[in-house]
Amino acid sequence: MAEGGGAQNQTAVAGADGAVVLRERYTVFPGRPLPDLNSPNALAYAVEDRRGGRPLFALALPPDLPVRLSTIQTMRGQQFNSVLAVIDYGFAYWTPFGRETVLVLFERPSGGRLINSLDETFQPLSDPDYQKIIVKPLVQGVEELRGKGIVHRAIRPTNIFFMDADRTRPVIGECISTPPGFDQPPMYEPLESAMALPEGRGPGTFADDMFSFGVTLLHILIGRRPGGQLRGRELLRARIANGSFAALTGDARFPIAMIEVLRGLLIDDQHLRWDAEGMKLWVAGRRLSPILAKPEKRAQRAFRIGGMEVMSRRDLALALADNWDQAAQPVMDGQVEVWLRRALDEKEAAEAVAEQVRQASFPGASANGVTTDSVIARICLRLDPHGPIRYKSARFLPEALGATLAVASTRQKDVRAIVECILRELPEAWFEVQTSFDPAYVSMLSQIKQMRGFLRLAQPGFGVERCLYELNETLPCLSPLVADGYVLEIEDLLPALDNAAKRVDAKSWPADRHIVAFVAARFRFDVDKQIAALNSPQADTSALGLLSLLAVLQWKLGPEALPGLSGWIGSLVAPIINSYHNRDVRKRLEKEVPKLVRKGSLPDLYNTLDDVEERQKDLDGFAWAKAEFAGAEQEILDMEADSAQRETNAQRLGQQSAAVVSVMIGLITVCVFLAMQVW
Amino acid sequence: MAKKPVAARKGAKPAKSGGTFTRILVLSLAVAFGLMFLPTVIFLAFAMLPTVAAYIVDRNPDKYEWICVGGLNFAGSVPFLLQLWTGRHTVEAAAAQLTDVFTLMAVYGAAGVGWLMFMALPPVVGVFVQMKAQRRVTTLKATQQRLIQTWGPEVGKTKG
């Protein structure tokens with residue numbers, strides 16, 4: 001939302017024509033799109049800088065994807081020679097989207113895009129031009145990115161621009177409009193992430209960028225799409241079988257000098273892949289010894305599944321995942337194990353597969369989370385340890401869990417498969433099969449364990465929504481209540497709800513699952529008690545939990561007055577007022593609430609409605625009143641039940657009285673007559 | 001174990017003989033007293049006949065009826081008893097008193113008043129007690145109503 005970057009003072013001011021002004025300087029025009037500069041998931045618009053200077057353009061980022069905010073902040077204002085420079089960014093209500101989003105300003109490339117489509121064929125540059133116009137500047141771009149610690153993950157020919165009209169100054173385009181690797185065609189990704197879904201590729205490393213860079217260099221060098229006629233799965237399988245270098249270069253002819261560098265960049269083992277330093281040395285003229293890729297071990301006979309013939313472990317993992325519904329039978333029947341043992345001579349892998357199948361055969365295995373699907377997923381990991389986690393329709397690397405979940409949630413994909421992955425401990429299985437240890441794994445494992453705990457709780461504040469916000473620090477709140485805003489920071493939530501109060505039904509609940517999860521994940525204070533109360537089945541406790549949660553937010557984060565939200569909450573506090581037994585207290589509170597609502601202070605409203613002393617007094621008084629009522633009731637019942645006894649008692653009392661009166665008269669008479677005789 | 005009943009029987013025998021002795025003694029004294037105060041005894045024996053009748057007909061275990069009748073019966077007899085004591089204390093004088101219609105009317109009339117009082121007073125007391133109970137119930141129901149107004153109908157619920 002506009003306040004999204006409130007802390008950074010990046011609020012945009014909207015003009016009458018929908019144009020927004022960022023930092024009182026840059027005017028972005030929604031009515032002037034620049035389709036030539038669009039990114040696959042972000043639209044480009046014209047920008048005017050009030051202070052003149054360089055021509056600019058803006059990208060309106062998709063509001064339903066996690067934004068690479070830290071990368072934007074790192075790149076903002078930095079000087080680059082061969083990377084498209086981020087001038088500034090801001091949050092604004094964007095008319096074409098009908099909601100707020102992030103606008104990122106870039107220096108506008110005058111020479112346009114290198115190529116507009118990956119399928120475009122063009123005349124290759126001469127070797128000197130290629131070296132001068134393409135290789136040297138782009139190597140410099142890669143070095144600049146490396147120097148700033150930025151992993152780009154969007155290096156491809158369609159993302160190379162020329163800053164000058166003569167098309168002699170190329171720059172690497174933007175990388176911040178989508179999660180890392182999201183816009184990359186699989187061909188431009190290393191094998192591990194190429195096999196994952198676009199959202200499941202993760203932040204990656206510089207080695208991944210170097211691979212993309214290598215494919216980009218090859219593409220520009222040969223003037224057409226690498227890989228020859230192979231596309232999609234065929235190309236991927238060829239890359240697995242022959243190595244990416246061989247598969248992508250195919251029968252293309254290019255200078256021998258380029259073989260070394262392309263072999264170094266396109267090697268599938270990321271530890272052997274050339275880095276920016278190696279490229280720099282190569283550009284400087286130093287020739288390195290050629291790297292030879294170790295080919296994937298091939299089987300003596302093919303394994304058939306889904307009409308495919310696979311010849312290697314990695315290929316089999318890919319085939320099993322692609323033919324998930326048909327994978328159960330050969331896996332559970334032991335065909336995979338036999339093939340691994342006999343055709344591929346992979347005894348260790350065969351043992352691991354057999355062990356997985358054996359565990360699934362134990363009675364009660366299903367109850368322990370071991371299902372056929374999880375066995376297939378674990379076998380895929382055994383077969384291809386560096387590949388993504390594959391489970392039903394999900395394909396992702398563990399470090400991409402957040403983005404995978406976010407995209408699945410916002411773009412109506414299969415969230416359940418991802419959730420099952422976590423619940424069936426597949427990320428742990430991925431870490432188990434890794435041959436090298438990375439210290440980052442420890443914190444990732446700990447976080448995944450925490451997510452599993454959240455997923456096991458179904459109440460608001462937990463579940464998938466909680467995982468979404470815990471795993472994606474830069475995902476805006478996806479609640480429909482604040483859908484037209486861009487609530488990225490917890491500070492922005494209450495103002496957004498205050499705005500929402502103007503248009504929503506006052507009887508609706510101002511805290512849906514997304515809002516509660518967003519607060520739980522982003523608010524640094526402990527609100528577990530408030531959330532527990534909010535989830536109570538009792539209406540008064542739940543309403544009090546809601547009020548308490550929002551009141552704590554306002555108390556800690558402001559703003560001072562929230563009249564809209566207070567009014568909204570004010571219409572929902574009836575159960576809290578009715579939780580007091582004393583009718584006089586209820587009447588008093590009913591009179592006080594409108595005054596507090598006008599004041600806009602949720603903490604005051606909460607303190608008034610949940611006064612500890614008042615509540616204790618009410619409880620004590622009610623207990624006393626109940627006892628008094630019950631005592632009176634009992635006495636009435638006793639009196640009604642003892643009517644006959646009371647009559648009997650009255651009869652006896654009357655007889656006693658008569659007897660006493662009679663005896664008294666007798667005694668008085670005796671005394672009187674005796675006295676008369678004496679005197 | 002067998003000795004105890006024997007001892008108990010032994011202990012019971014002197015008590016029985018003691019009781020008989022007391023009765024004989026009391027009876028002897030009463031006869032002596034009766035012979036000494038024969039005119040008074042004769043007068044009271046006739047004058048207190050309503051009381052004796054009341055004692056006989058009273059089925060109530062508390063036996064308040066004869067006390068009520070007896071009290072006023074005795075009150076009616078006292079003036080004439082004093083006349084007997086302060087005048088000639090002879091059997092003839094006692095007979096004269098008993099044959100006097102006025103004396104009998106006074107003595108038995110007083111007993112009748114006692115009887116009437118015994119019959120009339122219990123219903124009066126019953127009405128009074130009933131009224132008092134109804135008033136108490138009304139007060140309690142008003143209290144309950146006041147509690148409901150202040151605390152709501154749930155104050156009358158036994159649970160929750």
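Atom set for the values below is all heavy atoms of this structure, side chains included, hydrogens, waters and symmetry mates excluded. Within every chain, numbering begins at 1; the chains are lettered A, B, ... in the order of the sequence lines, protein sequences first and strands thereafter.
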query: Between CD of A:Gln656 and CG of B:Leu121, what distance do you get to the nearest 0.5 Å?
result: 11.0 Å
Side-chain H-bond candidate by donor/acceptor type, A:Gln655 with B:Asn60, under 3.5 Å: yes
query: How many angstroms lie between atom CG of A:Asp584 and atom CD of B:Gln149, to the nearest 0.5 angstrom?
result: 10.0 Å
Pick from A:Ala659, A:Ala627, A:Ser643 with the largest number of heavy-atom pairs that fall under 4.5 Å of chain B: A:Ala659
field: B:Leu147 vs A:Glu628 side-chain heavy atoms within contact, under 4.5 Å
entry: yes
statement: Counting heavy-atom pairs under 4.5 angstrom with chain A, the leader among B:Val155, B:Ile67, B:Val78 is B:Val155
query: Are there more than 12 heavy atoms of other residues, nucleotides or ligands under 6.0 Å from atom NZ of B:Lys63?
result: yes
message: Looking at every non-hydrogen atom in both residues, tell me the closest pair between A:Ala658 and B:Cys68 and how far apart they are.
response: O-SG, 3.5 Å
field: Within 6.0 angstrom of A:Phe525 CZ, more than 12 heavy atoms from elsewhere
entry: yes
Atom CZ of A:Phe523 with >12 non-hydrogen neighbours under 6.0 angstrom: yes
- prompt: Given a strict heavy-atom distance threshold of 4.5 Å, which part of B:Pro153 is in contact with chain A: side chain, backbone, both, or neither?
  reply: both
field: Part of A:Leu674 within contact of chain B (heavy atom distance under 4.5 Å)
entry: both
- request: Between chain A and each of B:Gln130, B:Lys141, B:Arg146, B:Arg136, count heavy-atom pairs under 4.5 Å; write down the option with the most.
  value: B:Arg136
- line: Closest heavy-atom pair, B:Ala75 versus A:Gly666, reported as atoms and distance to 0.1 Å, is CB-CA, 3.5 Å
- request: Report, as yes or no, whether the 6.0 Å neighbourhood of atom OH on B:Tyr108 holds more than 12 heavy atoms from other residues, nucleotides or ligands.
  value: yes
task: Go through the atoms of A:Gln677 and report whether side chain, backbone, both or neither lie under 4.5 Å from a heavy atom of chain B.
output: side chain
message: Please determine whether the number of non-hydrogen atoms from other residues, nucleotides or ligands lying under 6.0 Å from atom CH2 of A:Trp509 exceeds 12.
response: yes
query: Can you tell me if CE on A:Met664 sees more than 12 non-hydrogen neighbours from other groups inside 6.0 Å?
result: no
- request: Report yes if some heavy atom in the side chain of B:Phe74 is under 4.5 Å from a heavy atom in the side chain of A:Val670; otherwise report no.
  value: yes
message: When you measure from the side chain of A:Lys626 to the backbone of B:Gly156, do you find a donor-acceptor pair of N or O atoms at a distance under 3.5 Å?
response: no
message: Determine whether a donor-acceptor pair (N or O, by modelled atom type, separation under 3.5 Å) exists between the side chain of A:Ser662 and the backbone of B:Gly114.
response: no
Region of B:Thr143 in contact with chain A, defined by heavy-atom distances below 4.5 Å: side chain
field: Partner chain B: residue of A:Ile636, A:Val660, A:Leu667, A:Val663 with the largest heavy-atom pair count (under 4.5 Å)
entry: A:Ile636
message: Please classify the contact of A:Ala630 with chain B as side chain, backbone, both or neither, using a heavy-atom distance under 4.5 Å.
response: neither
query: Are B:Gln144 and A:Glu633 linked by a side-chain donor-acceptor pair shorter than 3.5 Å?
result: yes
statement: Interatomic distance, NE2@A:His581 vs OG1@B:Thr150, rounded to 0.5 Å, equals 13.5 Å
query: Is there a side-chain contact between B:Ile148 and A:Phe629, using heavy atoms and a 4.5 Å cut-off?
result: yes
message: Could you check whether any side-chain N or O of A:Arg583 sits under 3.5 Å from a backbone N or O of B:Trp151, counting only pairs where one atom can act as donor and the other as acceptor?
response: yes
statement: Residue from A:Val672, A:Thr669, A:Val585, A:Ile668 scoring the most non-hydrogen pairs under 4.5 Å with chain B is A:Thr669
message: Please check if the number of heavy atoms outside A:Arg503 that lie under 6.0 Å from its CZ is greater than 12.
response: yes
field: Note, B:Tyr64 side chain near A:Arg652 side chain (heavy atom, < 4.5 Å)
entry: yes
field: Top contributor to chain B contacts, counting heavy-atom pairs under 4.5 Å, from A:Arg586, A:Glu640, A:Glu647, A:Arg646
entry: A:Arg646
- line: When the 4.5 angstrom heavy-atom criterion is applied to A:Asn649 and chain B, the contacting part is neither
- request: Measure the shortest side-chain to side-chain distance between A:Val661 and B:Met117 over non-hydrogen atoms and say whether it is less than 4.5 angstrom.
  value: yes
message: Between B:Gly71, B:Pro122, B:Ala120, who has the most heavy-atom pairs with chain A when the cutoff is under 4.5 Å?
response: B:Pro122
